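Have a look at the structure below, then the notes.
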Amino acid sequence: QAQLVELGGGSVQPGGSPTLSCVVTESTYTSSCIGWFRQGPGKSRKEAVAAIYPGNGRKYYVGALKGQFTISQDNAERTIHLQINSLKPEDTAMYYCAATRRNGHCPDLFERNFEIWGQGTQVTVSS
């Protein structure tokens, strides 16, 4: 059973505001920081977007992207949502959900600090 499953994505028009979802297994949801990353075309590294610790609801955003993304949780569905606002062509990327087991907080939002990854979901901004 995959620990993280991303849903949503697809082709979206500029200016749109889609929501991606990450369904998390129970054991991972209660003791992990869950983050969203993205990897644009031709990019070698994944870029952090936002993270949340579901156990206490604490949210973390990357400074330069803070106003464009909103992360939230649905405890009943063990799902982490990422709303992307005012899409631009440069937001085209594969978006990944990731998890790292921590005690009450999220680490620095770098790819190397997360050990569990979903398969990713593609978001393509196109008119």
Side-chain angles (χ1 to χ4, degrees):
Q1 179 186 9
Q3 297 189 57
L4 304 170
V5 178
E6 297 98 336
L7 303 171
S11 181
V12 187
Q13 290 189 342
S17 298
T19 297
L20 308 180
S21 300
C22 176
V23 183
V24 186
T25 57
E26 183 174 2
S27 60
T28 299
Y29 191 84
T30 55
S31 60
S32 301
C33 168
I34 310 296
W36 280 97
F37 291 76
R38 67 181 182 181
Q39 188 169 17
K43 299 289 181 66
S44 60
R45 294 185 177 183
K46 296 180 178 65
E47 171 190 35
V49 173
I52 190 168
Y53 194 90
N56 57 27
R58 190 174 299 175
K59 301 176 183 180
Y60 304 76
Y61 292 99
V62 175
L65 303 174
K66 186 174 183 178
Q68 189 182 9
F69 295 88
T70 303
I71 194 168
S72 62
Q73 65 188 89
D74 181 337
N75 292 337
E77 299 295 328
R78 296 196 313 276
T79 299
I80 303 300
H81 300 292
L82 180 73
Q83 181 175 350
I84 312 172
N85 301 308
S86 302
L87 273 178
K88 303 180 290 292
E90 53 264 41
D91 294 317
T92 293
M94 184 73 83
Y95 284 75
Y96 294 91
C97 181
T100 178
R101 298 192 183 280
R102 302 282 170 153
N103 185 20
H105 69 282
C106 287
D108 291 339
L109 300 186
F110 295 109
E111 180 181 355
R112 63 177 180 267
N113 290 334
F114 289 74
E115 64 269 15
I116 305 168
W117 290 84
Q119 81 285 358
T121 185
Q122 178 69 36
V123 174
T124 301
V125 184
S126 173
S127 56

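This structure is a prediction, so every number in the text was calculated from the model and none was measured.
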- prompt: Would you find more than 12 non-hydrogen atoms of other residues, nucleotides or ligands less than 6.0 Å from R101 atom CZ?
  reply: yes

task: Look at the side chain of E6 and the backbone N and O of G120, then say whether any donor-acceptor pair between them is shorter than 3.5 Å.
output: yes

- prompt: Which distance, rounded to the nearest 0.5 Å, do you find between the CZ of R112 and the CZ of R45?
  reply: 8.0 Å

query: Taking the six-membered ring where the residue is Trp, are the ring centres of Y53 and Y60 under 6.0 Å apart?
result: no

message: Could you measure the distance from the CG atom of L82 to the OG1 atom of T70? Nearest 0.5 Å is fine.
response: 8.0 Å

Atom of P54, atom of S32 and distance for their closest heavy-atom approach: CD-O, 3.2 Å

field: Sole residue of Q39, Q122, R38, K46 in side-chain hydrogen bond (donor to acceptor under 3.5 Å, both in side chains) with Y95
entry: R38

message: For a quick test of reading the model, state the closest non-hydrogen atom pair linking V62 to A48 and the distance between them.
response: CG2-O, 3.2 Å

task: Can you see which heavy atom on V49 is nearest to which on L65, and at what distance?
output: CA-CD1, 4.3 Å

field: Neighbour count above 12 (heavy atom, 6.0 Å) for N56 CG
entry: yes

message: Just so I know, are the side chains of H81 and D74 near enough to count as touching, which here means a heavy-atom distance under 4.5 Å?
response: yes

- prompt: Do other residues, nucleotides or ligands put more than 12 heavy atoms under 6.0 Å from the CD atom of E26?
  reply: no

query: Quick check: does any side chain N or O of N113 sit under 3.5 Å from a backbone N or O of P107, one acting as donor and the other as acceptor?
result: no

- request: Any chance you could measure N75, atom CG, to Y29, atom OH, to the nearest 0.5 Å?
  value: 3.5 Å

message: According to a hydrophobic-cluster definition based on side-chain heavy atoms being under 4.5 Å apart (Ile, Leu, Val, Met, Phe, Trp, Tyr only), do I71 and V23 belong together?
response: no

message: Do V5 and C22 have side chains that approach each other closer than 4.5 Å (heavy atoms only, starting at C-beta)?
response: no

query: So, do W36 and F69 have ring centers that fall under 6.0 Å from each other?
result: no

task: Answer yes or no: are there more than 12 heavy-atom neighbours, outside K88 itself, under 6.0 Å from its atom NZ?
output: yes

query: OG of S17 to CG of L87: how many Å apart, nearest 0.5 Å?
result: 6.5 Å

query: In this structure, which one of F110, Y96, W117 forms a ring-ring contact (aromatic ring centres under 6.0 Å, His included) with F37?
result: W117

- prompt: Without hydrogens or angle criteria, can the side chains of Q3 and T28 be said to hold a donor-acceptor pair below 3.5 Å?
  reply: yes

- prompt: Does any N or O in the side chain of R78 come within less than 3.5 Å of the main-chain N or O of V24, such that one atom is a donor and the other an acceptor?
  reply: yes

task: For the residue pair L7 and L20, establish whether any side-chain heavy-atom pair is separated by less than 4.5 Å.
output: no

- line: Tightest non-hydrogen contact, residues S11 and S126, listed as OG-CB, 4.3 Å

task: Mark yes or no for whether S31, through its side chain, and S27, through its backbone, hold a donor-acceptor pair below 3.5 Å.
output: yes

query: Would you say T92 and V123 make side-chain contact, with heavy atoms under 4.5 Å?
result: no

query: If every non-hydrogen atom of L4 is compared with every non-hydrogen atom of C97, which pair is closest and at what distance?
result: CD1-O, 3.5 Å

- prompt: Is there a donor-acceptor contact under 3.5 Å from the side chain of T100 to the main chain of C33?
  reply: no

- request: State whether the side chain of T79 and the backbone N or O of S21 hold a donor-acceptor pair below 3.5 Å, judged by distance alone.
  value: no

field: Note, Q68 side chain near D91 side chain (heavy atom, < 4.5 Å)
entry: yes

